[in-house]
S.K.: 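My questions will all concern the structure given below.
Heavy-atom basis, side chains included; hydrogens, waters and symmetry copies ignored. It should be emphasised that the depicted structure is a prediction, and the values quoted were computed from it without experimental measurement. In this chain, numbering begins with 1 at the start of the sequence shown.
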Amino acid sequence: PKSMLAYVNKNPQVIVSSIEKMYHEKMEEGNKKSEEEAKNLYKTLISKIPAIGDNKAKYHIVEFFDYKCGHCITMAKELKKLEKAGTVQVHLVNYPILSKESQIAAYVAIRVQKKHPKKYSEFHDKLFATKATEKDIKELLVSMGMSNLIYSDGKLFNEKDTDAIQGVQEQY
């Protein structure tokens, strides 16, 4: 009505304030939705990645590593200390970029995770304690009772093992 129009004409900042308020409410609504979507995406992605440590830990670290990387070997020891202290859960992402042996180690680790999930953490730690050569990997598999992961031809990788290949590709 006319009285409202007269009020707005005398107080034009009311319109600006009202628009600003609406804008901030919409932004807040969008931020909450984006935050929720990001959390859901994180949960979906992280559920596919092997983890070491308590899933109720206060902090979660996503570690991209290569079994042949000197820095990764050093960090694995430090992250293990944090994990043992119950401070963090470490999500392990194979990122085999340094050599063919790196790729083979990643394929084997994916196969250990899928076929012997309870042994994965120990395998991961022990593999970092070696030079991660094919010989080291075979010896480790045998010593841990997982020689079934060595193919009948003595190799550790088979191009027909689509689960392992897909597992590494998903982590990429």
Side-chain angles (χ1 to χ4, degrees), residues 30-151 155-172:
N31 287 344
K32 285 181 183 177
K33 186 177 179 185
S34 294
E35 188 176 316
E36 207 170 292
E37 288 172 355
K39 283 180 182 178
N40 288 336
L41 178 61
Y42 172 78
K43 286 178 186 176
T44 300
L45 293 174
I46 213 73
S47 69
K48 296 178 181 185
I49 299 170
I52 296 174
D54 184 0
N55 65 354
K56 294 178 183 164
K58 184 175 181 179
Y59 302 102
H60 292 248
I61 296 173
V62 178
E63 172 74 0
F64 292 80
F65 69 92
D66 185 313
Y67 284 109
K68 302 290 282 181
C69 167
H71 174 74
C72 299
I73 293 166
T74 301
M75 284 306 300
K77 293 172 188 170
E78 296 305 312
L79 291 172
K80 190 66 179 174
K81 290 176 190 173
L82 293 172
E83 178 259 316
K84 280 185 176 180
T87 309
V88 300
Q89 182 179 42
V90 181
H91 301 271
L92 302 165
V93 180
N94 283 287
Y95 198 67
I97 59 172
L98 295 177
S99 69
K100 183 155 177 80
E101 281 185 329
S102 296
Q103 292 172 343
I104 290 170
Y107 290 129
V108 173
I110 295 286
R111 293 176 61 226
V112 168
Q113 179 207 353
K114 290 183 186 245
K115 300 194 188 275
H116 301 278
K118 291 181 180 177
K119 294 182 178 183
Y120 176 77
S121 178
E122 180 183 1
F123 175 82
H124 174 78
D125 293 342
K126 286 183 175 181
L127 187 55
F128 262 131
T130 72
K131 293 186 191 261
T133 64
E134 288 190 50
K135 181 182 178 216
D136 292 331
I137 296 168
K138 286 178 185 177
E139 288 174 0
L140 185 55
L141 289 172
V142 170
S143 73
M144 292 183 67
M146 298 184 289
S147 56
N148 63 325
L149 296 181
I150 302 170
Y151 290 104
K155 294 185 178 178
L156 294 170
F157 175 71
N158 184 321
E159 291 177 1
K160 294 178 183 173
D161 190 346
T162 55
D163 282 347
I165 294 167
Q166 183 178 358
V168 171
Q169 288 173 344
E170 282 177 357
Q171 289 188 8
Y172 260 58

S.K.: Count the heavy atoms of every other residue, nucleotide or ligand shown that sit under 6.0 Å from CD of E36, and state whether that count exceeds 12.
M.R.: no
S.K.: In sequence, state the C-alpha distance, the side-chain angles, and the governing distance for L127 and I137, and then conclude on side-chain contact (heavy atoms from CB on, under 4.5 Å).
M.R.: CA-CA 7 Å; L127 187 55; I137 296 168; 3.6 Å; yes
S.K.: To the nearest 0.5 Å, what is the distance between CE (M144) and NZ (K126)?
M.R.: 5.5 Å
S.K.: What I'd like to find out is whether the side chain of D66 reaches to under 4.5 Å of the side chain of Q103, using heavy atoms alone.
M.R.: no
S.K.: State the CG-CD1 distance between L149 and I110, to the nearest 0.5 angstrom.
M.R.: 12.5 Å
S.K.: Rounded at 0.5 Å granularity, tell me how far OG in S34 sits from NZ in K39.
M.R.: 12.5 Å
S.K.: How long is the gap from CG on D136 to NZ on K131, to the nearest 0.5 Å?
M.R.: 8.5 Å
S.K.: Hey, mind stepping through S147 and V142 against side-chain contact (heavy atoms from CB on, under 4.5 Å) and telling me if it holds?
M.R.: CA-CA 5 Å; S147 56; V142 170; 4.0 Å; yes
S.K.: State, with a plain yes or no, whether a side-chain heavy atom of Y151 is found less than 4.5 Å away from one of K160.
M.R.: no
S.K.: Is I104 close to K155 at the side-chain level, that is, under 4.5 Å between some pair of heavy atoms?
M.R.: no
S.K.: List the steps and the verdict of ring-ring contact (aromatic ring centres under 6.0 Å, His included) for Y120 and H116.
M.R.: CA-CA 7 Å; Y120 176 77; H116 301 278; over 10 Å; no
S.K.: What side-chain donor-acceptor pairs closer than 3.5 Å can you find for residues 89-98, not counting sequence neighbours?
M.R.:
from	atom 1	to	atom 2	distance (Å)
Q89	OE1	H60	ND1	3.1
Q89	OE1	H91	NE2	3.4
Q89	NE2	G53	O	3.3
H91	NE2	H60	ND1	2.9
N94	ND2	Q171	OE1	3.2

S.K.: What's the shortest heavy-atom distance between T133 and K68, and which atoms?
M.R.: CG2-NZ, 4.3 Å
S.K.: Between Y67 and H124, is the ring centre distance below 6.0 Å?
M.R.: yes
S.K.: Check the pair F123, M146 against side-chain contact (heavy atoms from CB on, under 4.5 Å), reporting the backbone distance first and the verdict last.
M.R.: CA-CA 10 Å; F123 175 82; M146 298 184 289; 3.9 Å; yes
S.K.: Show the numbers, then the answer: is there a side-chain contact (heavy atoms from CB on, under 4.5 Å) between F157 and I165?
M.R.: CA-CA 9 Å; F157 175 71; I165 294 167; 3.9 Å; yes
S.K.: Should K114 and P50 count as side-chain neighbours, where that means a heavy-atom distance under 4.5 Å?
M.R.: no
S.K.: Would a 4.5 Å heavy-atom cut-off, applied to side chains only, mark M75 and F65 as touching?
M.R.: no
S.K.: Looking at D161 and R111, does any basic side-chain N land under 4.0 Å from a carboxylate oxygen?
M.R.: yes
S.K.: Between CD1 of I73 and OG1 of T130, what distance do you get to the nearest 0.5 Å?
M.R.: 8.0 Å
S.K.: Run K119 and E122 through salt bridge (Lys or Arg N to Asp or Glu O under 4.0 Å) and show every step you take.
M.R.: CA-CA 6 Å; K119 294 182 178 183; E122 180 183 1; over 6 Å; no
S.K.: Within this structure, what is the CD1-CD distance for the pair I52 and E63, rounded to the nearest 0.5 Å?
M.R.: 10.0 Å
